[in-house]
Amino acid sequence: MEKLLVFLGLSVGGWIGWTVGAPFGLFAALFLGVIGTALGLYVGRGIARDYF
C-alpha cells in the first residue's frame with residue numbers, strides 16, 4: 001500500500017507542479033514539476049506511515 005500511495009503522490013504532485021508552471025514557460029514547468037514531485041513523495045509517505 002505504501003508504494004501505491006507514494007506513486008500516486010509523485011504523479012499528482014508532479015502534475016500539479018507542471019500545470020502551475022506551464023504558463024510561465026518550459027523551465028518553470030520543469031522546476032515546479034520537480035518541486036511538486038518532491039512534495040508528493042513527502043505527502044504520500046506521510047499518509048502511508050500515519051494511516052497504514
Query raised in the report: Under the 4.5 Å side-chain heavy-atom rule for ILVMFWY, direct or indirect, which residues accompany Phe27?
Result: none

Query raised in the report: Quick one: side chain to side chain contact (heavy atoms under 4.5 Å, CB included) partners of Phe52, sequence neighbours excluded?
Result: Met1, Leu5

**Report entry** Shared hydrophobic cluster for Val12 and Ile35 (ILVMFWY, side-chain gaps under 4.5 Å)
**Finding:** yes

Report summary line: Applying side chain to side chain contact (heavy atoms under 4.5 Å, CB included) to Val20 and not counting sequence neighbours gives Ile16, Leu32

Requested in this report: Please list, chain by chain and in numerical order, all residues satisfying side chain to side chain contact (heavy atoms under 4.5 Å, CB included) with Ala28, sequence neighbours excluded.
Outcome: Phe24

Requested in this report: Check side chain to side chain contact (heavy atoms under 4.5 Å, CB included) between Val6 and all other residues, then give those that pass, not counting sequence neighbours.
Outcome: Glu2, Leu10, Leu41, Arg45

Query - Single-linkage hydrophobic cluster, 4.5 Å side-chain cutoff, Phe7 and Ile47 together - result: no

Report summary line: Closest non-hydrogen contact found for Trp18 with Leu26 is CH2-CD1, 3.8 Å

